[in-house]
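The chains referred to below are lettered A, B, ... by the order of the sequence lines, with proteins before strands, and numbering in each begins at 1. Because the structure is a prediction, the values reported are computed rather than measured.
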2 protein chains.
Amino acid sequence: MSKCEQCIVREFSSLKALTKEELLRLSDCKTSHIIKKGEVIFEEGENVNGIYCIKDGICKLTKLSANGKDHIVKLVTKGELLGQRSMISDEPVNLSAVALEDMHVCFIPKADVMGYFDQNNQFSMNVMKTICGDLKEADDHMVNLAQKTVKERLAETLLYLHDTFGKNEDESLKVQLSRDELASIIGTATESCIRLLSDFKKSGLIELTGKKIVFKDINALKKLAD
Amino acid sequence: MSKCEQCIVREFSSLKALTKEELLRLSDCKTSHIIKKGEVIFEEGENVNGIYCIKDGICKLTKLSANGKDHIVKLVTKGELLGQRSMISDEPVNLSAVALEDMHVCFIPKADVMGYFDQNNQFSMNVMKTICGDLKEADDHMVNLAQKTVKERLAETLLYLHDTFGKNEDESLKVQLSRDELASIIGTATESCIRLLSDFKKSGLIELTGKKIVFKDINALKKLAD
DNA sequence: ATTAAAACATGACATTTATCATATTAAAGA
DNA sequence: TCTTTAATATGATAAATGTCATGTTTTAAT
């Protein structure tokens, strides 16, 4: 069993507040899992009873809407935690988590996390701040969905993907989403998303090669996104 | 200075976890304020440095969008707290709070709240659960904005106002919003909102008298909202 | 390598929603 | 009370977006 002390998750998440002694205990109670691209980590409505640490990979958090389509609420990546809200609320998860690429995650049972929560004030404060950050993000996102056009939302989402997840050596965006997934982030029909991407390409804003997206005129994109 | 012990806010909010002794201290550090309809409690970007307890009245939490229009993110009413996220994140508030009717609020300085926060585990847990609840609500709201039509969102919002804030003796919805405000909850143009309300009226779903809205066929509304 | 399925792409068209113009009504101030 | 302003209402039209059909390309499975 690998040590939690050197784990990347410890470095970037709320877990950075844990002491050496607590990290040692953590190494014992965690379980390690490999999740293949497309596999489900947990599903909306499920009782997760713990949190997941993302050691490697990216996943999408989705919610089924009334019309039967999935909406992507958030992308979560290496170094972050999953399932905190559900653990604190003591409720089933309200979102599904699906791997966008092969992932390596560790599961920590609720009882153990809650132990640190009670003992280590800084840790609980960190978790709280993370959730507060999520809430603020959600508010922003909400306003964008309500007030911006699909074109603006697409431009904004592309920039977000760029700024948050970076790009490969060939300059293409690191997160590779299907047109369908991209559409379900911005809240539009797949065809509309495809059409707008083609428009962006024709206008020289981006270059498209399969799922690869390369920025050609980032300033024009920024102007479009408002 | 009135006692916090019998206050309605204590009954419904995170504050219910405070001990008698803590409540007595609270009575001393709080300041009481009357806010007139239309007045601003705090504005996006401001440093609030404490939380507000709503003793009476309702307010809207709004966020300015890139196109200059305000979007109503949430309505908050009697018994609830304001400004918790900002306090925990130690950041300026990300939303403005504006009174929809005359309000009575109490302000508790951050230092005092944080004191209870450190001492009283149940209190901090309650605050956290509230914020987690807000986050879940925000997720739901986001998906609705992204996936539902304006008509569905209007029907849903009317039902929400009904279920959350109730109705007056004359059966009309208790919260009275302008068409403009209603539009900025559902994320549409004021004219579209007015038109759809007229449609609902013509279809016998609701009755309109000035700002008053009376439900005539709640089941049909529910069907519309999905 | 071949085939089946999924993803991508685009046209044609319908529908939804926004915008602009202009009344009408209600509310607020002088 | 009068008068001015803001809110509500509705028509006409434009623009944005969704839906359906259909073809092409890519991917995955046999």
Earlier contact from the 5' end, DNA chain C, for A/Ala146 and A/Ser198: A/Ser198
State, without any angle test, whether [X] and [Y] hold a side-chain donor-acceptor pair at a distance under 3.5 Å.
X	Y	result
A/Asp70	A/Ser184	no
A/Asn67	A/Ser65	yes
A/Ser178	A/Asp180	no

Could you tell me how far apart [X] ([atom1]) and [N] ([atom2]) are, to the nearest whole angstrom?
X	N	atom1	atom2	answer
B/Lys202	D/dG11	NZ	C1'	11 Å
B/Ile213	D/dT8	CD1	C1'	13 Å
A/Lys69	D/dT17	NZ	C1'	11 Å
B/Arg153	C/dA18	CZ	P	8 Å
B/Asp199	D/dA9	CG	C1'	12 Å
A/Ile194	C/dA12	CD1	P	17 Å
B/Leu182	D/dT8	CG	P	10 Å
A/Phe200	C/dA9	CZ	C1'	17 Å

Any B/Leu177 side-chain heavy atom under 4.5 Å of B/Lys60 side chain: no
Sugar-phosphate only, base, or nothing, as touched by B/Thr190 at under 4.0 Å among non-hydrogen atoms: nothing
Options C/dT17, D/dT8, C/dT10, nucleotide nearest the side-chain atoms of B/Val150: C/dT17
Side chain of A/Arg179 - closest among D/dT17, D/dG18, C/dC8: C/dC8
Does [N] have OP1 or OP2 under 4.0 Å away from a side-chain N or O of [X]?
X	N	result
B/Lys211	C/dA27	no
B/Arg195	C/dT17	no
A/Ser192	D/dA16	no

5' precedence on DNA chain D between A/Lys151 and B/Leu177 (nearest-nucleotide basis): B/Leu177
Upstream residue (5' side of DNA chain D) when A/Gly210 and A/Glu191 are each assigned their closest nucleotide: A/Glu191
A/Lys110 NZ: over 12 foreign heavy atoms closer than 6.0 Å: yes
